[in-house]
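One structure below.
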2 protein chains.
Amino acid sequence: MKRGNSSHDAETAELLRRVGLRLTGSRRYVLEALLQSGHPLSHQELLGRRDSLRFDRVTIYRALLALKRKGLVHDVKGTDGIRRFGAHPTDLPHCPGNHAHFLCRRCGRMFCLTESPLPWVEVPAGTTVEGKQMVVYGLCPQCARREND
Amino acid sequence: MKRGNSSHDAETAELLRRVGLRLTGSRRYVLEALLQSGHPLSHQELLGRRDSLRFDRVTIYRALLALKRKGLVHDVKGTDGIRRFGAHPTDLPHCPGNHAHFLCRRCGRMFCLTESPLPWVEVPAGTTVEGKQMVVYGLCPQCARREND
DNA sequence: TTCTACTTGCAATTGAGTTGCAAAAGCATT
DNA sequence: AATGCTTTTGCAACTCAATTGCAAGTAGAA
Ligand SMILES: [Mn+2]
Ligand SMILES: [Mn+2]
Ligand SMILES: [Zn+2]
Ligand SMILES: [Zn+2]
């Protein structure tokens with residue numbers, strides 16, 4: 001499968017191989033996009049990115065699920081009901097998304113708040129905790145400026 | 001509009017009046033249900049509760065929105081994409097849902113973790129924070145027991 | 001009782017995400 | 001470079017939460 005040649009191209013191949021995933025066009029594209037974008041992306045945002053290199057919607061979903069299952073990306077369900085996926089910065093060995101995320105209600109962009117690790121949470125005895133997520137929402141700096149034009 | 005006579009009946013009327021909402025059957029029913037249930041309820045859970053007293057799905061949605069707008073309930077969007085609403089315990093004067101919530105991935109019940117207030121979160125300069133939510137997910141004690149039967 | 005603004009029911013619609021299946025492609029092997 | 005097995009892809013259909021428009025009904029004030 002043909003690919004555009006971009007900065008993380010070799011890196012994505014190496015990452016996919018390392019976790020035992022086949023190197024396919026959609027996976028390289030999605031992982032690449034998540035690495036380049038400085039912030040988590042929704043399925044919808046991933047669909048429209050380049051005019052060449054078009055994949056089916058379902059294929060993008062399945063690529064995301066594969067990357068998630070192998071721990072290459074983390075995901076957050078926003079207060080808007082939309083799931084966004086972020087690649088882990090490759091310099092940090094294991095940052096499995098255990099930080100808060102900010103969601104702008106106006107532009108819909110999500111940002112990792114990597115400086116805000118999630119707190120320990122006390123749960124009732126017998127409860128099994130499998131994960132947690134925190135979403136802070138409001139207006140990003142850009143949108144806050146426009147709001148009071 | 002006819003109503004079942006239950007424990008919080010007078011209380012709901014008083015609450016609705018206090019915030020300037022008209023006393024309608026659907027609002028009294030929804031608020032009552034949220035007060036009685038010890039945990040937040042989804043729209044779907046609210047629909048099936050009694051056989052008498054049937055309201056349209058959309059009416060239940062709109063009742064929830066009204067209660068939310070007036071601050072009588074708080075809401076959380078679960079990692080399963082379903083929004084759940086919880087009444088504020090009336091003894092606490094203002095507990096606007098600023099605590100973590102647990103969501104069981106098996107039975108779908110959500111619980112308020114009122115002992116875990118949400119932490120302060122640092123955001124980039126210029127950002128406007130309007131709210132935040134934290135969802136801890138896994139298995140509730142009941143479901144955890146059944147999982148290894 | 002009357003009036004009016006607000007609320008409800010119904011039908012249609014949006015949009016995220018999932019499922020089943022046949023065709024296509026990755027990759028290890030010959 | 002061809003073989004063969006397994007995984008992945010594209011397509012169409014589907015599920016399900018939530019929203020919208022509008023006409024009919026109702027709460028609450030006068
Ligand atoms: Mn993140
Ligand atoms: Mn709560
Ligand atoms: Zn924004
Ligand atoms: Zn459970």
Side-chain angles (χ1 to χ4, degrees), chain A residues 1-3 12-31 40-48 52-70 72-73 75-85 103 105 108 110 135, chain B residues 1-3 9 12-31 40-48 52-70 72-73 75-85 103 105 108 110 133 135:
Chain A
M1 150 61 88
K2 222 185 246 179
R3 256 164 298 97
T12 58
E14 167 56 20
L15 285 170
L16 289 171
R17 229 182 316 259
R18 191 181 302 169
V19 298
L21 282 178
R22 286 195 185 170
L23 277 70
T24 68
S26 68
R27 289 172 184 171
R28 302 182 75 155
Y29 162 63
V30 167
L31 185 51
L41 297 178
S42 66
H43 170 256
Q44 194 58 241
E45 289 171 308
L46 281 166
L47 270 180
S52 48
L53 234 60
R54 287 230 156 280
F55 300 95
D56 187 82
R57 328 166 36 254
V58 181
T59 301
I60 300 292
Y61 273 122
R62 292 199 266 231
L64 286 166
L65 293 186
L67 296 176
K68 162 80 176 173
R69 180 161 24 91
K70 294 296 186 177
L72 290 181
V73 301
D75 66 319
V76 185
K77 188 81 163 185
T79 44
D80 56 1
I82 298 176
R83 199 173 175 188
R84 291 168 178 82
F85 295 80
L103 176 62
R105 75 137 199 275
M110 179 176 278
V135 178
Chain B
M1 152 58 87
K2 222 186 248 179
R3 254 166 296 97
D9 193 48
T12 58
E14 167 56 20
L15 284 170
L16 290 171
R17 232 182 314 261
R18 190 182 302 167
V19 298
L21 283 178
R22 287 196 184 169
L23 277 70
T24 68
S26 67
R27 289 171 184 170
R28 302 182 75 155
Y29 163 62
V30 167
L31 184 51
L41 298 177
S42 67
H43 169 256
Q44 195 59 240
E45 289 171 308
L46 281 166
L47 271 181
S52 49
L53 235 59
R54 287 232 156 278
F55 300 96
D56 187 82
R57 325 166 37 256
V58 181
T59 301
I60 301 292
Y61 274 121
R62 292 199 267 232
L64 286 166
L65 293 186
L67 296 176
K68 161 81 175 172
R69 180 161 23 93
K70 294 297 185 174
L72 290 182
V73 302
D75 65 319
V76 185
K77 188 80 162 184
T79 43
D80 57 1
I82 297 176
R83 199 173 174 188
R84 290 168 180 82
F85 296 80
L103 176 61
R105 75 137 199 274
M110 178 176 278
Q133 66 164 43
V135 179

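Just so we're on the same page: letters track the sequence lines, and every chain starts at 1.
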TODO: State, with a plain yes or no, whether a side-chain heavy atom of A:Leu16 is found less than 4.5 Å away from one of A:Leu67.
DONE: yes
TODO: Can you pull out how bent the helix from C:dT1-D:dA30 to C:dT30-D:dA1 is, comparing the axes over its first five and last five pairs, to 10°?
DONE: 30°
Open item on the list: Rounded to whole Å, please give me the gap between CG in A:Asp80 and C1' in C:dG17.
Closed with: 14 Å
Task: Residues that B:Arg22 engages under side chain to side chain donor-acceptor pair (under 3.5 Å), provided they are two or more places apart - done: none
- [ ] Write down the distance between OH (A:Tyr29) and P (D:dG10), rounded to a whole number of angstrom.
- [x] 13 Å
Open item on the list: Restricting to side chain to side chain contact (heavy atoms under 4.5 Å, CB included), what partner residues turn up for B:Arg69, sequence neighbours left out?
Closed with: B:Ala66
- [ ] Name the residue closer to the 5' end of DNA chain D, choosing between A:Val58 and A:Ala63 according to the nucleotide with the nearest heavy atom.
- [x] A:Ala63
Open item on the list: From CG of B:Leu16 over to C1' of C:dC6, roughly how many Å is that when rounded to an integer?
Closed with: 14 Å
Task: Whole angstrom value for the distance that separates P of D:dT20 from CG of B:Leu65 - done: 10 Å
Task: Partner set under salt bridge (Lys or Arg N to Asp or Glu O under 4.0 Å) for B:Asp56, not counting sequence neighbours - done: none
Task: Residues in side chain to side chain contact (heavy atoms under 4.5 Å, CB included) contact with B:Ile82, at least two apart in sequence or another chain - done: B:Ser42, B:Asp80, B:Arg84
TODO: Nearest whole angstrom, please: distance from the P of D:dG10 to the CG of A:Leu47.
DONE: 11 Å
- [ ] Could you list the residues that satisfy side chain to side chain donor-acceptor pair (under 3.5 Å) with B:Gln133, not counting sequence neighbours?
- [x] none
Open item on the list: At 4.0 Å (heavy atoms only), tell me whether A:Arg62 reaches a base, stays on the sugar-phosphate, or touches nothing.
Closed with: base
Task: Counterpart residues, side chain to side chain donor-acceptor pair (under 3.5 Å), relative to B:Arg57 (two or more places apart) - done: none
Open item on the list: Measure CZ/B:Arg54 against P/C:dG9 and give the value in whole Å, please.
Closed with: 12 Å
TODO: For A:Arg83, check side chain to side chain donor-acceptor pair (under 3.5 Å) against everything at least two apart and list the hits.
DONE: A:Asp75
Open item on the list: Under a 3.5 Å distance rule, please check whether A:Tyr29 uses its side chain to pair with a backbone N or O of A:Leu46 as donor and acceptor.
Closed with: yes
List, with names and distances, any nitrogen or oxygen atoms from the protein found under 3.5 Å away from nitrogen or oxygen atoms belonging to nucleotides 15-18 of chain D.
residue : atom : partner : partner atom : Å
D:dA18  : OP1  : B:Lys77 : NZ           : 3.3
D:dA18  : OP1  : B:Arg83 : N            : 3.1
D:dA18  : OP2  : B:Tyr61 : OH           : 3.4
D:dA18  : N7   : B:Arg57 : NH2          : 3.1

Taking only nitrogen or oxygen atoms into account, show me every contact under 3.5 Å that the protein makes with nucleotides 28-30 of chain D, one pair per line with its distance.
residue : atom : partner : partner atom : Å
D:dG28  : OP1  : B:Leu23 : N            : 2.8

TODO: Write down the distance between CG (A:Leu46) and C1' (C:dA16), rounded to a whole number of angstrom.
DONE: 14 Å
- [ ] Starting from C1' on D:dT26, measure out to CZ on B:Arg28 and report it in whole angstrom.
- [x] 14 Å
Task: For A:Arg27, salt bridge (Lys or Arg N to Asp or Glu O under 4.0 Å) partners two or more places apart - done: none
- [ ] Please test A:Leu15 against A:Leu21 for side-chain contact (heavy atoms from CB on, under 4.5 Å), starting from the C-alpha separation and ending with a verdict.
- [x] CA-CA 9 Å; A:Leu15 285 170; A:Leu21 282 178; over 6 Å; no
